[in-house]
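Any value given below was found using the heavy atoms of this structure, including those in side chains, with hydrogens, waters and symmetry copies removed. Chain letters run A, B, ... following the sequence lines, proteins first and then strands; every chain starts at 1. Please read all numbers here as calculations on a predicted model, not as lab measurements.
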Protein chains: 2
Amino acid sequence: MSETIEQKCLAKGVKLTDQRRIIAQVMSESSDHPNVDELYNRVSKIDSKISIATVYRTVKLFEETGILTKHEFKGGKARYEELNEGHHDHLIDVKTGEIIEFVDDEIEKLQKKVAEKYGYKLVDHKLELYGVKKKQNET
Amino acid sequence: MSETIEQKCLAKGVKLTDQRRIIAQVMSESSDHPNVDELYNRVSKIDSKISIATVYRTVKLFEETGILTKHEFKGGKARYEELNEGHHDHLIDVKTGEIIEFVDDEIEKLQKKVAEKYGYKLVDHKLELYGVKKKQNET
DNA sequence: GTAGATGCAAAGTATTTGCGACAAG
DNA sequence: CTTGTCGCAAATACTTTGCATCTAC
């Protein structure tokens with residue numbers, strides 16, 4: 001665990017309010033990828049007076065500041081995740097919605113190569129795999 | 001060019017109305033990836049009485065039927081594209097919004113391998129590269 | 001002839017914003 | 001103090017839907 005969200009806010013000059021501290025705390029403790037509603041529910045349990053508008057404003061702010069990343073998985077609401085040094089992509093179970101994080105350096109390298117082939121510098125990418133759990137005997 | 005959209009509709013038992021024919025035609029002639037608004041505008045030029053609700057209903061139907069695919073690129077509206085045999089991914093110019101289609105078999109293979117590593121059968125995936133055009137002297 | 005498609009307007013979602021009150025630095 | 005944040009409700013953007021009418025097959 002490198003820096004806490006609070007430390008990142010201080011470092012980037014983001015004013016720390018109670019609401020932001022709570023949202024930061026909830027996101028840090030979430031190992032899943034909550035959408036705004038889920039986040040709002042969790043946050044409400046700590047302080048029931050926080051409004052959903054503040055949650056929206058805060059995740060947006062945190063995203064712009066590089067504290068959170070936003071994922072827009074297929075056909076669902078936007079989901080958020082704390083951004084740490086280690087980049088990873090996602091494998092999503094289409095039946096259960098379970099999300100598995102993975103890293104594959106080779107794919108990363110190839111992506112860069114593809115971009116370069118077309119004369120581009122890769123600045124970002126999105127890779128999502130959608131799968132169903134295999135049974136033992138399946139190919 | 002394999003089958004026309006009309007042929008696909010017949011093959012799948014989708015009733016062919018004038019509106020659907022026009023939407024099919026416009027999509028076939030579009031080499032970009034129009035969103036519903038853009039599609040609606042193009043379609044309106046041919047028949048100004050088609051309602052946007054029909055456009056929404058039709059792209060959804062065509063998507064379910066495997067005639068179109070939907071893309072949800074970063075922070076934008078849903079975009080549609082005709083689905084042909086050749087699968088490809090997208091490289092998006094973050095400055096201009098230009099979209100380049102590419103295929104990389106090696107990446108495809110690796111994706112499958114990753115899914116398998118976690119005990120999943122890959123049923124779908126999304127790969128988007130976001131880049132900026134390089135100048136000659138850049139690395 | 002009948003099931004399904006259309007147009008319209010109204011209703012849903014998800015998200016953003018104007019504004020007066022309030023709090024952080 | 002002053003600038004930025006908050007809560008609230010209203011507004012917006014995109015998409016879906018109920019219903020009466022119409023049309024493909």
- prompt: Closer to the 5' end of DNA chain C via nearest nucleotide, is it B:K15 or B:T54?
  reply: B:K15

- request: Rounded to the nearest angstrom, tell me the gap between atom CD1 in A:I52 and atom C1' in D:dC8.
  value: 13 Å

- prompt: To the nearest Å, how far apart are B:L39 CG and D:dC14 C1'?
  reply: 15 Å

task: Establish whether the base of D:dG7 is bridged to the side chain of A:R57 by a donor-acceptor pair shorter than 3.5 Å.
output: yes

- prompt: Under 4.0 angstrom, heavy atoms only, what part of the nucleic acid is A:K77 near: base, sugar-phosphate, or nothing?
  reply: sugar-phosphate

- request: Let me know the distance between CD of A:E72 and C1' of C:dA14, rounded to the nearest Å.
  value: 11 Å

D:dC6 OP1/OP2 closer than 4.0 Å to side-chain N/O of A:S51: no

- line: Rounded to whole Å, CG of B:L16 lies from C1' of C:dG4 at a distance of 13 Å

task: To the nearest Å, give me how far apart OH (A:Y56) and P (C:dT13) are.
output: 13 Å

task: Select from B:V14 and B:A53 the residue whose nearest nucleotide in DNA chain D is closer to the 5' end of that strand.
output: B:A53

field: Test applied, side-chain contact (heavy atoms from CB on, under 4.5 Å); reference residue, B:Y80; option that passes from B:V59, B:V55, B:I23, B:L39
entry: B:V59

query: Between D:dC14 atom C1' and B:E38 atom CD, what is the distance in whole Å?
result: 14 Å

query: Just checking B:I50: base, sugar-phosphate only, or nothing, at a heavy-atom cut-off of under 4.0 Å?
result: sugar-phosphate

query: Hey, is the side chain of B:R20 poking within less than 4.0 Å of OP1 or OP2 on C:dT6, counting only N and O atoms?
result: yes

